Each structure stands twice: as C-alpha cells, then as structure tokens.
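These notes concern the structure reproduced below.
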Amino acid sequence: MKTEINDLVRENVKRMRPYSCARDEFSGQASVFLDANESPYGNLNRYPDPLQKELRREISLIKNIPGDMIFIGNGSDEAIDLCYRIFCTPGKDKVLLFPPTYGMYEVAAEANDIEVIKLHLDESFGIDISGAVEVIIKEKPKLVFVCSPNNPTGNSMRNEDIVTLLETVNGIVAVDEAYIDFSTKPSLLPLIEEYPNLVVLHTFSKAYGMAAARIGMAFSGKETISLFSKMKYPYNISSLNQSAVLDVIRTPGLKDSNVADILAEKKRLEISLASLKIVEKVFPSDANFLLIRVREADYVYKSLLDLGIVTRNRNSVVEGCIRITVGTAEENEILINSLKKISL
Ligand SMILES: *Cc1c(COP(=O)(O)O)cnc(C)c1O
C-alpha cells in the first residue's frame, strides 16, 4: 500500500510549531554573537549546531544518503522514542514487536502509553510472516519494529519479509540495523527511496566504538525526517559528541579494521565455545556477539560474575541462553578459561 506519511502523523504533531532557536533564524557570516544569552567566556560557551551540518555531511558521504534523509539523535534511543511521539497517539495506537528482541522498543511504548502487540519469532528466530500479516490486519498497528541483525538472537531477518511488512502495514516500519556493519547481509537503506514508511536506524555505538558519545541515526524519506527534526530537542547533540564522532569518521580505515578484528575474534570464540562441554549450542550470528545455550544458564552466569566477567543472562527471554559480546583476544581467552573452570 502506498503510504501518505501525513495521514499517519499524530494530530498534535501536525498542529505544533517547533521551537525556533536563535541559531535557526540566522545563517550566514557573523563575528559578534549576542543572540543566545551565552557566556562570552570559555571553550564550550557556544551552543552546538542544531542542524549538525558538518556531521550530517560526513554521514551522508559514508552512508551514501542525501542529508535531508538523515536524522541524528542522542543515541538510537532518541529515534526509537520519536517514532512513537510522532506517529502513535497515547492510549489509542498500537505497536507490533517480534520478541525476543531489543528491550527499548517496549520501554518506549510504555513511556508513550502505546499498547504492545507481540508475535514471537519462530524456532529459527525468523518472523512468522503469514502470522504477522494476520496480526497486522486484525490489530492495525501504527508502528512495527524489526531488529536485524536481531539482539539478542544474532540472526538477520529476511529482507522479503520486511518488504511484506512495509506493504501490509498502514504505518511505519522501523528497521533497527545497529549491528549491520558486522553483517554480510545487505542493509535495507536503499529501500528508503521506495518506501516512505520505512525508517532505518543505525548507530555509532557498536562498530564505530563510540557508545559513550550517544549518537544514533535514522534514515527515511524527507517528510519523515523533517518530522523528526521538528520534534527533537533543538540542541540534541552536544559539540563534544559531534566532534568526537567526526574524528572517528575521519580516521581512514578505523571502523573497518576494528570490525575485521572483531569478526576474526568472533570466529575464534565461536570455535572455542563450541568445544566446551557446558555449551550446548552456539547460535549463528551476524553481529558482534554470540548467543549460547548452556545447561544451567543462571548458574553459569553467576559463576562468571564471581570470576569478574559480566555477560548478559538471557535465560528469561531465550531459555538457557547467555549473550556474550566479542571482546579483545585477551578478554575472550579469559572468558573461555573461566568457562572451563565452571563445573556442573
Ligand atoms: C546497542 C543497540 C542499539 C544502540 O543504541 P544507541 O542508543 O544508539 O546506543 C540500538 N539497537 C539495538 C538493537 C542495539 O542492540
């Protein structure tokens, strides 16, 4: 179905006029800034660029996406929350989620008083697409989140299933590709040209090694991106964080060489884990983590903690499973040696 974005937008969002900050109204050259009640003293005394023009230009180059199809957020979390705040009316609209998946989709739904419809992934952690179509027809969700590669299962969703969702939902389909740099599967990014209801989320927190800077991105059609810009806090990305990420982007080969190292380590870790007696299964992963099933997940998790190693216990969402981030060679070796010490 061809989606009219304007028909999906919350009424109050359509009506509201965004805060116009001092720097929005000014563009050009000036040497005296007496407009924003900043201090004239200090190194961080000026407000950051609310449009993040420099950073946006660099992102546009690395992702090959025009600047007006890019939103830069305070982590992906801001973009996730904005999907609700722009499109979902509290107490009325619904979101469709495919658990087990990233927890923030549900947290943000609750924060925005949006009813959550859940359709569990199938045994191979794929979307049951005919089930999904049925649920969509019955429940009419305004928003659907798909995480691909999925956290915590590590697998990617089938692109044809996501296209089916895009063509079935009378609403937004947000595809979270936080781990796409680790995957051999293609990104859905090129599809934003064709599907105005597609929002693709990327982040600097994982492959780029910039989790502390809290910078995420949403890519979508111009209409949706201008709604994101209208709804965001004016100065949502600090100068410090903008320049930290710019430094990393402008260091040639840095991200690619880190990703290559992590993927090589992942392969080694996968083999070591699979050889351990307490490990029942290592699930295939397109990300920088491995989901493993062990005999006594809670006990193994706690034993690792006692040895000073923090992993993610996912026993409550995928039975018997622990999620392990790929670390450095040294860290992974400590993990393997510690797992060898745990006796059941
Ligand atoms: C880590 C992660 C993110 C990143 O979130 P930020 O707010 O950008 O740090 C997004 N989505 C998923 C599924 C993740 O696992």
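For the single chain, residues carry numbers from 1 onward in sequence order. Just so you know, these numbers come straight off a predicted model, no measurement behind them. When a ligand or atom number is given, it counts from 1 through the structure's own listing order. Values reported hereafter were calculated over all heavy atoms of this structure, with side chains retained and with hydrogens, waters and symmetry mates removed.
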Run the ring pair (Phe, Tyr, Trp, His ring centres under 6.0 Å) check on H202 and F219 step by step: do they pass? CA-CA 8 Å; H202 286 188; F219 304 94; 5.2 Å; yes
Which option wins on minimum heavy-atom distance to atom 5 (O) of ligand 1: S76, P149, G103? S76
Does F289 form a ring pair (Phe, Tyr, Trp, His ring centres under 6.0 Å) with Y179? I'd like the steps, not just the answer. CA-CA 10 Å; F289 58 81; Y179 298 97; 5.1 Å; yes
Can you name the atoms of ligand 1, numbered from 1 with element, that are less than 4.0 Å from a heavy atom of A178? 2 (C), 3 (C), 10 (C), 11 (N), 12 (C), 14 (C)
Which of the ligand 1 atoms, numbered from 1, are nearer than 4.0 Å to a heavy atom of C147: 13 (C)
Return the closest protein heavy atom for atom 7 (O) of ligand 1 as residue, atom name and distance. R214 NH2, 2.6 Å
What protein heavy atom sits nearest atom 3 (C) of ligand 1, and how far off is it? K206 NZ, 3.4 Å
Ignoring angles and geometry beyond distance, decide whether Y179 reaches within less than 3.5 Å of ligand 1 through its nitrogen or oxygen atoms. yes
Which part of F204 is near ligand 1, with near meaning a heavy atom under 4.0 Å away: side chain, backbone, both or neither? neither
Does ligand 1 have a heavy atom under 4.0 Å from the side chain of M104, from its backbone, from both, or from neither? neither
Heavy atoms only: which of T203, D176, I80 is nearest to atom 10 (C) of ligand 1? D176
Any side-chain heavy atom of K230 sitting closer than 4.5 Å to one from M16? yes
I278 and I322: same hydrophobic cluster, using ILVMFWY side-chain contacts below 4.5 Å? yes
Inspect the contact between D77 and R214 and indicate whether a charged nitrogen and a carboxylate oxygen are less than 4.0 angstrom apart. yes
Is any side-chain heavy atom of Y84 closer than 4.5 Å to one of D93? no
Could you check whether any side-chain heavy atom of V245 comes within less than 4.5 Å of a side-chain heavy atom of I59, counting everything from C-beta outward? no
Sole residue of N151, T311, N313 in side chain to side chain donor-acceptor pair (under 3.5 Å) with R323: N151
For S205, counting its heavy atoms only, list the atoms of ligand 1 lying under 4.0 Å from any of them. 6 (P), 8 (O), 9 (O)
Answer with side chain, backbone, both or neither: which part of E78 has a heavy atom less than 4.0 angstrom from an atom of ligand 1? neither
